[in-house]
Every structure is written in structure tokens, then in C-alpha cells.
Trainee: 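Next up is a structure, given as C-alpha cells.
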Amino acid sequence: MPELPEVETVRLALERLALGLEIAEYICHRPDYLTHGRQYTGKLAGSRIESAIRRGKFLVLLLDGDFALMHHLGMSGRMLVTTASAEIEPHTHVQIRFRGVDAEIRQRDPRRFGFAAVFTRDELSRFPSWAELGPDPFSLNSRAFAAILHNRQAPVKNLLLNQRRIAGLGNIYVDEGLFRAGIHPLRPAGDLSPAQSALLLKCLKRVLRESIAAGGSTTNDFRRLDGRFGEFQHKHRVYRREGEPCPSCGAIIEKIILGGRGTHFCPSCQSI
DNA sequence: ATGATTTCCTGTAGGC
DNA sequence: TGCCTACAGGAAATCA
């Protein structure tokens, strides 16, 4: 469940570590994990990493030539920096080796809900799940956010998980944002008052910012680029805390299934 | 068109 | 101890 803060944590680390590095070799051990651009992998040697960008949960390394390397972490994906001679751990699907440095980037993903792809910049801009991505929460003001919720009958949690509506939120930060805003996950999105919707956006931005500052949440699989755990899981107030007392009011936190996902909330603080 | 449900995958945790 | 089952969920596909 790497979401916006986890992907941003990786992106920031890549920005410090990998900009300017010249690719020596791009290796994919599992053809079906590389969903696009297999015909390009042999042409990447000599290109340098120009920038590391993120939209929603998508991570892209832009090269100085025409190519863009996309990495999505899915559920159990990790981007890791290792020495070039480090043992290849199981479920390592992609290796990016560099010239002149004893380091390489690897993508591991046991459950394989993630993927890697190589695009030209033009292909990237037309790749549907990238091109049709909604805005990042940080780019929204309360008016634009209200427009996204307007007239939507779906439960607000489902809408916030829809990457075409708003990009980057997943199960953890939707539950945590709704709790902080005092809004029930089943509440129809379009029913929120302007004040509630503004508060929700503010709470979402705050929880995302705090998580980025903590290096993201490690609930199970997520690791930072250097292998360290994130720390924000210690600040979760409801996510996977069903049966525990609410940190605000002491009521017992409940868990329901919504859109096939565990959904955690305080029945007392979060009114429907 | 919207919204709800199903599917992919494997390591881990819990029950017996 | 070991076997078995349930569970975790991002996003695409499918259905009503």
C-alpha cells in the first residue's frame, strides 16, 4: 500500500541519489512485469537520469534522452538502492545499473500488483492511467476539491480512492483523513457541506505532509530507498486499530468493508 | 454515465 | 510442529 507519502519518500531519496547518473544497463527479470517498452530497454545505456517526478502513486524517472522510466509499487513493491554486487533478493524484477558508481536501483514486488514500464516522453503523456490521473491533493484549493465531490452519490471514501478523481490517496490516508475531519466513510461525497469539504481537504493535506516528513508508513512491506522503515504508522489513529479506543473520545474503533477494503473509523467522532 | 463487485498475487498471521 | 485458511489492497475489468 505505498500511497502518495511513500512514493514521495522514495522520490525524494532518488532525487538526492540518482540525478545525473548514467545508465549502464536496464534489466527486467520478468517480462510480464515490464508492461510497456520492452523494445526500448536495450537502448537506455548512456542515458542519464534528469529528474524524478511523481503524480499520484506513479514514480517516473525522466532521462536526458527521450525516455521515461515508470515504476508503480502496487501493494508490496519496493524501490531499493544496493551495491552492484549485492545478492539478488527474491522477487527482484527490475535492476537499473549505472556506470562508474557501485550502486544500482532495484524494484522488488512479491505480490506483483505493481509494474515497471519504459516510455518515450510522448508515449508517457498518452499513457491512460497517467494521462487521466486526477489532481494531486496538494494542488487543490477548497473550491476545486468541492467541485470534485459535487453531486457524487458514492461514499466519500470510495470517491477519494478513485485515482481519476484525485490522485495519490489509498486506504491508509483516506481512513486517517476522514477520521481527522470527523467525517464518516459512508457519507455520500456530494452531501458534505462546504465547511466539511474544506476541512477534509485540509486534514488530508496535513496527514499526507506529516507522513512524508516521517518517511511514510511501514505497515508491512514498504521500505525507504535505503531499506529503512517509515515511521508514520505510529501516528495512525484508526487505520488497523479496530477494537482499540479512539484517541479522541475513547469509543471503540470499528472496522467495516467498503469497496472491498478494510475501513476503520470512530463511530462516535465520525458522524454520517 | 455512475457506482458496486470481482480479479490479479503471495507472504504472513492465526486457528486447530 | 505443521497444515490450512483468511487476509492485506491498487487498479483494471466487468457488471448492473
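Chain naming here is simple, since letters A, B, ... match the order of the sequence lines and numbering starts at 1 in each.
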Trainee: Give A:Gly114 one of three labels, base, sugar-phosphate or nothing, depending on what nucleic acid heavy atoms sit under 4.0 Å from its own.
Mentor: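 Counting heavy atoms under 4.0 Å across all strands, no contact is made by A:Gly114.
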Trainee: Could you check whether A:Tyr33 gets within reach of a base, just the sugar-phosphate, or nothing at all, counting any heavy atom under 4.0 Å?
Mentor: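 Touches nothing.
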Trainee: Give me the other members of the hydrophobic cluster that A:Ile256 sits in, counting Ile, Leu, Val, Met, Phe, Trp and Tyr linked by side-chain heavy atoms under 4.5 Å, directly or via other members.
Mentor: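 So far as hydrophobic clustering goes, A:Ile256 is joined with A:Leu186, A:Leu258, A:Phe265, A:Ile272.
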Trainee: So if I apply the side-chain hydrogen bond (donor to acceptor under 3.5 Å, both in side chains) rule between A:Gln107 and each of A:His71, A:His93, A:Gln95, A:Arg78, which one comes out positive?
Mentor: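 The residue from A:His71, A:His93, A:Gln95, A:Arg78 that satisfies side-chain hydrogen bond (donor to acceptor under 3.5 Å, both in side chains) with A:Gln107 turns out to be A:His71.
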Trainee: Would you please name every residue forming a side chain to side chain contact (heavy atoms under 4.5 Å, CB included) with A:Arg11, sequence neighbours left out?
Mentor: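 A:Arg11: side chain to side chain contact (heavy atoms under 4.5 Å, CB included) contacts with A:Glu8, A:Glu15, A:Ala52, A:Arg54, A:Leu59.
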Trainee: Between A:Ala154 and A:Asp221, which has a closest nucleotide on DNA chain B that is more 5'?
Mentor: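 Between the two, 5'-proximity favours A:Ala154.
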Trainee: If a protein heavy atom is under 4.0 Å from the base, mark B; if only from the sugar-phosphate, S; if neither, -; do that for nucleotides 10-16 of chain C going 5' to 3'.
Mentor: BBS----
Trainee: Determine whether a donor-acceptor pair (one donor, one acceptor, N or O, separation below 3.5 Å) exists between the side chain of A:Arg111 and the base of C:dA8.
Mentor: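 When only heavy-atom distances are counted, A:Arg111 does reach the base of C:dA8 through a donor-acceptor pair under 3.5 Å.
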Trainee: If you find the nucleotide of DNA chain B closest to A:His91 and the one closest to A:Gln153, which residue's nucleotide is nearer the 5' end?
Mentor: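 Per heavy-atom nearest nucleotide, the more 5' residue is A:Gln153.
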Trainee: Taking side chain to side chain donor-acceptor pair (under 3.5 Å) as the definition, give me every residue that meets it alongside A:Arg206, ordered by chain and number, with sequence neighbours left out.
Mentor: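 A:Arg206: no side chain to side chain donor-acceptor pair (under 3.5 Å) contacts found.
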Trainee: Please identify which of these residues, A:Lys157, A:Glu3, A:Arg261, meets the side-chain hydrogen bond (donor to acceptor under 3.5 Å, both in side chains) condition with A:Asn171.
Mentor: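 Running side-chain hydrogen bond (donor to acceptor under 3.5 Å, both in side chains) over A:Lys157, A:Glu3, A:Arg261 with A:Asn171 returns exactly one hit, A:Lys157.
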Trainee: Kindly give the cluster partners of A:Ile53, where membership spreads through any ILVMFWY side chain lying under 4.5 Å from a current member.
Mentor: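 For the cluster that includes A:Ile53, the remaining residues are A:Phe58, A:Val60, A:Leu62, A:Met70, A:Phe115, A:Phe119, A:Leu124, A:Phe127, A:Trp130, A:Leu133.
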Trainee: Check every nucleotide of DNA chain B for an atom under 4.0 Å from a heavy-atom of chain A, then give the first and the last such nucleotide from 5' to 3'.
Mentor: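 First and last nucleotides in contact are B:dT2 to B:dG11.
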Trainee: Could you give the distance from CZ (A:Arg224) to CD (A:Glu6), rounded to the nearest 0.5 Å?
Mentor: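 CD of A:Glu6 is found 10.5 Å from CZ of A:Arg224.
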Trainee: Which residue in the set A:Ile172, A:Leu178, A:Ile253 passes side chain to side chain contact (heavy atoms under 4.5 Å, CB included) when paired with A:Val238?
Mentor: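 Option passing the side chain to side chain contact (heavy atoms under 4.5 Å, CB included) with A:Val238: A:Ile253.
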